[in-house]
Amino acid sequence: MNLDRRVLLAGLSSLAVAPALAQPAPAAKSGTNEVPLARRLANYSDAIRFADLDPPTIERAKVHLLDSLGCGIAAFKEGTVSAVRELAFANGGNAATIIGTKRRASLEWAAFANGAGTRADDINDVYVGRGTGHPSDNVAACLTAAEGVGTPGAEFLLSVLLAYEIECRLLDAVYLDTRGWDHPNYALISSTLVAGRLMKLPPERLTEAVNIALSGHLAMNQTRLGALSNWKGLAGPNAARNAIFAAQMARAGITGPSPIFEGEAGFFKQVSGLLDIDTASFGGRGKRFLIHDCFIKSYPAQAQTQTAIPAAAKIAQAAGDLSRIRAIEVRSTHFGWLMAGSMPERWAPKTSETADHSLPYIVARAMLDGTITSASYAPEALRDPKAAALMKLITVREDASMTALVPKQSPNSVTATLDDGRVITERVDDLPGFVVRPMQRADAEAKFERNAKAVLKPGQVQRISDAVWSLDRAGTVGALIESLVIDT
């Protein structure tokens, strides 16, 4: 624990932090924004219409939605996902469907179970602002609420887009991690607003939903530090669950503490510090949506480790015999080093959650196998003595020149020194799915097929894809829900 604390303090003082992560949150300006932030967010959420969206933005929402659903289906049989799903069934309810099945549960449990699948393998999308988060954490709340009230497909797509926009704008406003708070707090706000919108709450009720959500459901950043637990992949789904609960409470007329952001013991004083968030600058009505700046992962691993995987695979191919390697240096961005290469637990991961946030393990495993898949974190893989031997050779260093390329790129380099003194270096700056190389329909379908082939029968990915691509013309989300049932 003391080591982790020193690491975080060192990270705060580093001069190499990316501008997106290093800048302090701007102070609220005296005399401006007298309307409480919760109400301004509610007003924005209520005002945007599907007609305000341009075709490229609608297409981007569809691609990210398909990717999120694919992540959930691919993880359907995994232990944590199965356990949460069975808990959802055991708690009863008939309001919304659990993805992959024809069975239903309460809105809150359906959102939690569906979100658990999306996050399980850590291969869902990412946004990097001052903080880093997973906007696809919002999809479970959107889908659950949309099904529960019979929302048209276009309105559901709009809710996904709005949730992405709100969470990304909040990620741009402040880096919560160094204050001890976790990024699902952003998704809690965005999911609450869009769930309430789907439930047709007026702005004053949406405001109360946010008040309720934030007053009792904040997530701590201990989830991301040290040896990581199952909760790493469940904190985001829990935000979706709490968002649905808060929206339902507000719909029933329940009020919450106000002003929840600006109050004497509110979010600004307890969690984030003062913020100046201008909702007039948010996407829509001619303004660009930040979903265009989100990137989709290629591998089930922490966002800043993605490019290390092909780099490590190329090193292994060039070296030939891995026993000839005497030393391995990994250079990464500040955040890649901080979260995946600075804590001692990253050199001896005992859980899949720690392993997929470990640069030493990911590099070693990619050198041995040529890639990273969900099987890379199986118990026998974590105990592999060959991986342990390679990890002993690895050092991880941050590189300020790499940090400067964030968020459009997230570089990593791997350098191996061989027994004859030869030095081999491979560097990869970005991959398909990054902001500079956004995934298209065919890319998203290929990723879905690749990751879900052990779960789905031939033709099912196309069936789901067709439902997503035509969603804006669908009367409800019913056909999409039906397409997600796993054939047995």
Does a side chain donor of either [X] or [Y] reach within less than 3.5 Å of an acceptor in the other side chain?
{"X": "Arg60", "Y": "Thr57", "value": "no"}
{"X": "Asp122", "Y": "Gln302", "value": "no"}
{"X": "Asn238", "Y": "Arg241", "value": "yes"}
{"X": "Tyr299", "Y": "Asp356", "value": "no"}
{"X": "Gln440", "Y": "Asp443", "value": "no"}
{"X": "Ser68", "Y": "Asn124", "value": "no"}
{"X": "Tyr127", "Y": "Asp172", "value": "yes"}

Review point. Hey, does the Lys NZ or Arg CZ of Arg397 hover above the aromatic six-ring of Trp337, less than 6.0 Å from the centre and inside 45° of the axis?
Key: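 Pair Arg397/Trp337 does not count as cation-pi.
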Please confirm whether the backbone N or O of [Y] pairs with a side-chain atom of [X], one donor and one acceptor, at under 3.5 Å?
{"X": "Asn114", "Y": "Ala140", "answer": "no"}
{"X": "Ser190", "Y": "Tyr186", "answer": "yes"}
{"X": "Asn91", "Y": "Leu87", "answer": "yes"}
{"X": "Thr351", "Y": "Leu228", "answer": "yes"}
{"X": "Asn412", "Y": "Gln304", "answer": "yes"}
{"X": "Asn451", "Y": "Lys447", "answer": "yes"}
{"X": "Arg40", "Y": "Ile277", "answer": "yes"}
{"X": "Arg205", "Y": "Ala247", "answer": "no"}
{"X": "Asp46", "Y": "Ala42", "answer": "no"}
{"X": "His334", "Y": "Thr403", "answer": "no"}

Review point. Which of parallel (below 30°), tilted (30 to 60°) and perpendicular (above 60°) describes Phe245 and His217?
Key: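 Because their plane-to-plane angle is over 60°, the rings of Phe245 and His217 count as perpendicular.
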May I ask you to test the [X]-[Y] pair for a side-chain heavy-atom distance under 4.5 Å?
{"X": "Ser332", "Y": "Leu359", "answer": "yes"}
{"X": "Cys294", "Y": "Cys168", "answer": "yes"}
{"X": "Leu275", "Y": "Phe268", "answer": "yes"}

Do NZ/NE/NH1/NH2 and the carboxylate oxygens of [X] and [Y] come within less than 4.0 Å?
{"X": "Arg331", "Y": "Glu398", "result": "no"}
{"X": "Asp137", "Y": "Arg119", "result": "yes"}
{"X": "Arg224", "Y": "Asp182", "result": "yes"}
{"X": "Glu345", "Y": "Lys350", "result": "no"}
{"X": "Asp278", "Y": "Arg169", "result": "no"}
{"X": "Arg104", "Y": "Glu147", "result": "yes"}
{"X": "Asp472", "Y": "Lys62", "result": "yes"}
{"X": "Glu262", "Y": "Lys269", "result": "no"}
{"X": "Asp430", "Y": "Lys408", "result": "no"}

Which atom pair, heavy atoms only, marks the closest approach of [X] to [Y]?
{"X": "Met249", "Y": "Ile212", "value": "CB-CD1, 3.9 Å"}
{"X": "Glu165", "Y": "Ile291", "value": "OE1-N, 4.5 Å"}
{"X": "Ala146", "Y": "Leu198", "value": "N-CD1, 3.9 Å"}
{"X": "Ile244", "Y": "Ala145", "value": "CD1-CB, 4.0 Å"}
{"X": "Val210", "Y": "Phe261", "value": "CG1-CE1, 4.0 Å"}
{"X": "Phe434", "Y": "Thr307", "value": "CZ-CG2, 3.9 Å"}

**Study point:** Name of the residue among Ser342, Ser358, Pro360 meeting side chain to side chain contact (heavy atoms under 4.5 Å, CB included) with Val396
**Key:**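 When Ser342, Ser358, Pro360 are each tested with Val396, the side chain to side chain contact (heavy atoms under 4.5 Å, CB included) holds only for Pro360.
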Point to revise | CG-OG1 distance between Asn43 and Thr207, expressed to the nearest 0.5 angstrom | key: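 Answer for the CG-OG1 pair, Asn43 versus Thr207, is 6.5 Å.
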Revision key, fill the gap. Sorted by chain and number, sequence neighbours left out, salt bridge (charged side-chain N to carboxylate O under 4.0 Å, His left out) with Arg103 holds for none
Practice item. Using side-chain hydrogen bond (donor to acceptor under 3.5 Å, both in side chains) as the criterion, point out the one residue from Glu78, Arg85, Glu86 that pairs with Ser82. Key: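 With Ser82 as partner, side-chain hydrogen bond (donor to acceptor under 3.5 Å, both in side chains) holds for just one option, Arg85.
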